[in-house]
Amino acid sequence: MTRRVAFLIPALALLVGTVACDVTTELTKAPFDLTSTIVKPTGEFTSSTSPGADSFTGSVKARRQLEAFAAYSYDDVRADIARGHGEYLTSIAALAGVPAAVQEGFQADMQRNYDALYHPSLSIRETWARVVETAWSAGHGH
């Protein structure tokens, strides 16, 4: 439990530091609410009244959103990857920019790679980073 708390503190700092107040509120809602209200069809995120919220734009902002969501929803994302489907995994795909036409294949690939992503020798931070990088590579980073 201590290791998880140690991981969550920097993750929450990232969340608070880079995610606007409105978005933080959205993160407490279901992941489908997150992807439908935060991600516009153009791939950009809604604006905010928070100071400095617009300091990141484009792919940097999208990557930060993906990282924050993956950190905040770590256990739920892990469970969905193990199943090969689910709302959290769908949200990860949407935030990473995985095209809708290939999301089913993306989810199957994530499930096939579960053992490598969540290898017991890795720390939570390392597994989180692998999930983010794998998703990003299938979407915006492709």
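In what follows, residues are counted from 1 in the order of the sequence shown.
Taking the side chain to side chain donor-acceptor pair (under 3.5 Å) definition, one finds that T134 meets it with nothing, sequence neighbours left out. Annotation: side chain to side chain donor-acceptor pair (under 3.5 Å) contacts of R112 (sequence neighbours excluded): D109. The ring-ring contact (aromatic ring centres under 6.0 Å, His included) test applied to Y118 returns Y114, not counting sequence neighbours. Residues that satisfy the salt bridge (Lys or Arg N to Asp or Glu O under 4.0 Å) test with D76, not counting sequence neighbours, are absent from this structure. The side-chain contact (heavy atoms from CB on, under 4.5 Å) check on H119 picks up S121, L122, with sequence neighbours excluded. Every salt bridge (Lys or Arg N to Asp or Glu O under 4.0 Å) that E133 has, sequence neighbours left out, goes to R63.
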Discussion item. What verdict does the side chain to side chain contact (heavy atoms under 4.5 Å, CB included) test give for L89 and F106, after you've listed the backbone C-alpha separation in whole Å, the side-chain angles of each residue and the deciding distance to 0.1 Å?
Written reply: CA-CA 9 Å; L89 185 52; F106 165 77; 4.0 Å; yes
Item to complete: For the pair D80 and H85, evaluate side chain to side chain contact (heavy atoms under 4.5 Å, CB included) and give the outcome as yes or no after the intermediate values.
Response: CA-CA 5 Å; D80 279 5; H85 62 86; over 6 Å; no
Worksheet entry | Test side chain to side chain contact (heavy atoms under 4.5 Å, CB included) applied to V131 and V77, step by step | CA-CA 9 Å; V131 168; V77 170; 4.1 Å; yes
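Looking at every heavy atom in both residues, A96 comes nearest to A135 through CB-O, 3.3 Å. Of all heavy-atom pairs spanning A138 and P99, the tightest one is O-CD, 4.1 Å.
Within the structure, every pair that satisfies the side chain to side chain donor-acceptor pair (under 3.5 Å) test and touches residues 94-107, not counting sequence neighbours, is listed here: T90-Q107.
Formation of a donor-acceptor pair under 3.5 Å by the Q111 side chain with backbone atoms of R83 is found in this model. Between the side chain of W128 and the backbone N or O of E67, at least one donor-acceptor pair lies under 3.5 Å.
Note that OG of S73 and CD of E87 are 9.5 Å apart. Values are rounded to the nearest 0.5 Å.
Using a 4.5 Å heavy-atom cutoff, the side chains of I92 and L66 are in contact.
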